[in-house]
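Input: a single structure, listed below in structure tokens.
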Amino acid sequence: MKDEVIETRYVEFESDSGEVVDITGEVQKSLESTSLESGVVVIFVPGATGAVSTIEYEEGLVADLGDALQRIAPQEIDYAHNLRWHDGNGHSHIRASLIGPSLVVPFSAQRLMLGTWQQIVFLELDNRSRHRKLVLQMMGE
């Protein structure tokens, strides 16, 4: 029986407000840098205004996602957070909370087990550009 292992890696990048970043390749490359053959990878966003999810990463659907988020948590309405902190990103926090800061993806034979049209994406929901450092924690054998 093989020993179970946990390995941690990071993905760093700059992101602009509203940007959806395809990080699938970076996650796959990080997985390949380990000795793990099968298990799960957890992608985690430290911070309260970014999120991770999966989507078919194509221009129309990315635009549709942004439009849907605007309908769910509009930027231009009043938020108690903005009244307290005056930073204008109350909508960013709500959107990030709804989507979530983490994602779990299984892998086998050192390959992410994603669907044909499914990519892992980071959503920059803050109202300004940011430097992001996502945590990848890979568990398996």
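Only a predicted model underlies this, so the values are computations on that prediction, with no experimental measurement involved.
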To the nearest 0.5 Å, tell me how far I6 CD1 sits from T34 OG1.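 Between I6 CD1 and T34 OG1, I get 12.5 Å after rounding to 0.5 Å.
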
Please report the interatomic distance CD(E76) to NE2(H91), rounded to the nearest 0.5 Å.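 Going from CD on E76 over to NE2 on H91, the span is 9.0 Å.
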
With sequence neighbours left out, write down each residue that passes side chain to side chain donor-acceptor pair (under 3.5 Å) with [X], or none if nothing qualifies.
X: E12; answer: H131
X: S38; answer: none
X: Q137; answer: T8
X: S30; answer: none

Qualifying residues under side chain to side chain contact (heavy atoms under 4.5 Å, CB included), relative to R71, sequence neighbours excluded: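 D67, A68.
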
My understanding is that only residues two or more places apart in sequence, or in another chain, count here; which of them pass side chain to side chain contact (heavy atoms under 4.5 Å, CB included) with I77?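 Only P74, Y79 meet the side chain to side chain contact (heavy atoms under 4.5 Å, CB included) criterion with I77.
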
Mind jotting down which residue pairs meet the salt bridge (Lys or Arg N to Asp or Glu O under 4.0 Å) criterion with at least one end in [range]? Sequence neighbours excluded, please.
range: residues 101-112; result: E32-R111
range: residues 16-28; result: E26-K29
range: residues 79-95; result: none

Please collect all ring pair (Phe, Tyr, Trp, His ring centres under 6.0 Å) contacts where either partner lies in residues 7-36, sequence neighbours excluded, each pair once.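 For residues 7-36: F13-F122.
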
For residues L36 and M139, report the shortest heavy-atom separation together with the two atoms involved.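 Looking at all heavy atoms of both residues, the closest pair is CD1-N, 4.2 Å.
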
Quick check: is F107 connected to L114 through a chain of hydrophobic side chains (ILVMFWY, heavy atoms under 4.5 Å apart)?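 Yes.
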
Verify the cluster assignment for W85 and I94: are they in a single hydrophobic cluster under the rule of side-chain heavy atoms below 4.5 Å apart?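 Cluster IDs for W85 and I94 differ.
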
For atom CD of E59, decide whether the heavy atoms of other residues, nucleotides or ligands shown that lie under 6.0 angstrom number more than 12.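 Counting neighbours around CD of E59, 12 or fewer heavy atoms of other residues, nucleotides or ligands fall under 6.0 Å, so no.
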
How does the hydrophobic cluster around V20 look, that is, which other residues are in it when side-chain heavy atoms under 4.5 Å mark a link?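 Members alongside V20: I55, Y57, L61, V62, L65, L69, I99, V121, L123, L125.
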
Donor-acceptor pairs are to be reported for all side-chain atoms of residues 40-51 against protein atoms at under 3.5 Å, with residues two or more places apart or in another chain.
residue	atom	partner	partner atom	Å
T49	OG1	D126	OD2	3.2
T49	OG1	R130	NH1	3.3
T49	OG1	R132	NH2	3.0

Using modelled atom types and a 3.5 Å cut-off, is there a donor and acceptor pairing between side-chain atoms of E141 and backbone atoms of E37?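 Answer holds: no.
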
Sidechain-backbone polar pair: Q28 side chain, L112 backbone, donor-acceptor under 3.5 Å: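 Checking the backbone N and O of L112 against the side chain of Q28, a donor-acceptor pair under 3.5 Å is found.
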
Is the shortest heavy-atom distance from the side chain of S33 to the side chain of E7 under 4.5 Å?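 The answer is no, as the side chains (C-beta and beyond) never meet within the 4.5 Å cut-off.
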
Could you tell me if the side chain of M138 sits less than 4.5 Å from the side chain of L31, heavy atoms only?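 When only atoms from C-beta onward are counted, M138 and L31 do touch, with a gap below 4.5 Å.
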
Would you say the side chains of Q119 and E58 form a donor-acceptor pair under 3.5 Å?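 The criterion, which ignores hydrogens and geometry beyond distance, is not satisfied for E58 and Q119.
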
